There are 2 protein chains.
Amino acid sequence: MTRVLVVDDEPQIVRALRINLTARGYQVLTAHDGASALTAAADGKPDVVVLDLGLPDLDGTDVIAGLRGWTSVPIIVLSARTDSSDKVSALDAGADDYVTKPFGMDELLARLRAAVRRSATSPTAGEDAVVETASFTVDLAAKKVHRDGAEVHLTPTEWGLLEMLARNRGRLVGQKQLLQEVWGPAYAKESHYLRVYLAQLRRKLEPEPSHPRHLLTEPGMGYRFEL
Amino acid sequence: MTRVLVVDDEPQIVRALRINLTARGYQVLTAHDGASALTAAADGKPDVVVLDLGLPDLDGTDVIAGLRGWTSVPIIVLSARTDSSDKVSALDAGADDYVTKPFGMDELLARLRAAVRRSATSPTAGEDAVVETASFTVDLAAKKVHRDGAEVHLTPTEWGLLEMLARNRGRLVGQKQLLQEVWGPAYAKESHYLRVYLAQLRRKLEPEPSHPRHLLTEPGMGYRFEL
DNA sequence: GGGATCGTTGACGGTGTCTTGACGACGTCG
DNA sequence: CGACGTCGTCAAGACACCGTCAACGATCCC
């Protein structure tokens, strides 16, 4: 789900955006001043930021600069000012788009889609798309697994499981979490599936399937992908 | 040096842009209709396109779609129409920005800088307009397929499918993704179409249609274009 | 108006995958 | 020491999916 951070100090604008965005399946985070916008962006990891320039505490370009210091998340600026100089300074500070109030909701949504589409195709996502271990490599973007140079074929379920573990590499992933993500919310208790498919993955990927080095079991808790 | 392709049929606009852009160190290419814009984009490999929607020959969204078929170069649309629906359709067709005439030169230049800055940070991943395999060649810009020197005729649907796969060559493309892109969002579950059209493509392009080497099936997941 | 092309839909067989059950090994706790 | 729960392994049937062929309308072009 796409996460949108809406930064505006006018409640009615925030409300209108929240309603429209939520109705279209976006997840909406909000902040009402510059300082909380920066922390919310760091905390909520939004996919796109809608930023009003007329904030009470910070200048708009400072907020943009504060974001651009560590993230390349798309920023769409809202502003009541139609001055060309305002637009130029905001865009040059690092904003991706500039919409003047009053704005049409259709247009804003279209510009938001465009911004999200752009950033989706560029692999700037913080995580690396290819995970490598001593015995095999997982390419998350291409959905391919290689072992000793040769490609290993995985079934959809096997891949879903491996992908979930690889995206959380190093961390423990609970069985319930795995089951709900790969099989669906109704399968939260079918822990037998995990045993069957972990065995299959180990047989395909581990040098010694009975003594796994990368696909580890944490008894009673879940599984962990270790590099 | 940054190369800008300016597409507009009004000479005075082209002249004004050429002067301003050249003075700021851009290299300027021009086209005055949709058809020549497409060839100029394929030929001149611009870093950004400024596109007027009111062209004499083609509809603006068709030009955008024609470009988006093979390149992700940023497109900034110029238009005299302020209709919200025009903006939405242009942005959803793949445009990056939409500026209404009359526009301030400062603002356009700032939006242009923003568009170039964005695309500069994303690695222009091996996006070649012509994809070559051992048995056939796909020219994404010209929308043509050759096999053994001769041109192969593809229907629009066949082409849409092949284009989508070729643009994601090496990567697995989910069936839902293919269906939504080629047939439309309402066809996300009509996976039967994929089987029929993949069979047709293989019959036309693969040396052994029953043992495909380039248009591969990943059961339960999707299809993959392998070089 | 006639013919060809294209998109859509149905039926069919074959193959691979998912699900399910049974069984033994291991560790823990009463 | 024995009961219990968890885990790993194996096997077999049910099922979904894929590829293929063919027929039907709709549309476009001559």
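Throughout, a chain's letter reflects where its sequence line sits, starting with A, and its residues are numbered from 1. Atom set for the values below is all heavy atoms of this structure, side chains included, hydrogens, waters and symmetry mates excluded. Note that the structure is predicted; figures quoted are calculated from it, not measured.
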Side-chain N,O (B:Thr155) to OP1/OP2 (C:dT5) below 4.0 Å:
no
Any side-chain heavy atom of B:Asp97 sitting closer than 4.5 Å to one from B:Leu112?
no
Within the 4.0 Å heavy-atom criterion, would you say A:Ser191 contacts the bases, only the backbone, or no part of the nucleic acid?
nothing
salt_bridge(B:Arg117, A:Asp96) N-O dist < 4.0 Å
no
Electrostatic pair A:Arg167-A:Glu181, nearest N-O below 4.0 angstrom
no
Just call it for A:Tyr197: base, sugar-phosphate, or nothing, with non-hydrogen atoms closer than 4.0 Å on any strand.
base
Of D:dG8, C:dC18, C:dT20, the nucleotide closest to the side chain of A:Tyr193 is C:dT20
May I ask you to verify if any side-chain N or O of A:Trp183 is less than 4.0 angstrom from the OP1 or OP2 atom of C:dC18?
no
Starting at CD of B:Gln200 and ending at P of D:dC21, how long is that distance when rounded to a whole Å?
11 Å
Taking CG from A:Leu201 and P from D:dG8, how many angstroms apart are they, rounded to a whole number?
12 Å
So, B:Asp8 and B:Lys101, do they make that salt bridge, N to O below 4.0 Å?
yes
For D:dC7, does either OP1 or OP2 sit under 4.0 Å from a side-chain N or O belonging to A:Thr217?
no
Have a look at B:His153 and say if it touches a base, only the backbone sugar-phosphate, or nothing, with a 4.0 Å heavy-atom cut-off.
sugar-phosphate
Measure from CZ on A:Arg202 to P on D:dC10 and round the result to the nearest Å.
13 Å
If the cut-off is 4.0 Å, is A:Tyr223 near the phosphate of D:dT6, judged by side-chain N/O to OP1 or OP2?
no
Could you state the atom-to-atom distance from CD of B:Glu158 to C1' of C:dT5 in whole Å?
11 Å
Rounded distance (Å) that lies between atom C1' of C:dG7 and atom CG of B:Leu198:
16 Å
Given atom CG of B:Leu194 and atom C1' of D:dC17, what is their separation to the nearest angstrom?
12 Å
Distance-only, no hydrogens or angles: does the B:Arg3 side chain make a donor-acceptor pair with backbone N or O of B:Gly44 under 3.5 Å?
yes
Does the side chain of A:Arg195 get closer than 4.0 angstrom to OP1 or OP2 of D:dT6 through an N or O atom?
no
Would you mind reading off the distance between B:Leu179 atom CG and C:dT8 atom P, rounded to a whole angstrom?
11 Å
Give one of base, sugar-phosphate or nothing for B:Glu218, where a contact means two heavy atoms less than 4.0 Å apart.
nothing
Comparing nearest nucleotides in DNA chain C, the 5'-proximal residue of the pair A:Val196, B:Val196 is B:Val196
Starting from P on D:dC24, measure out to NE2 on B:His192 and report it in whole angstrom.
16 Å
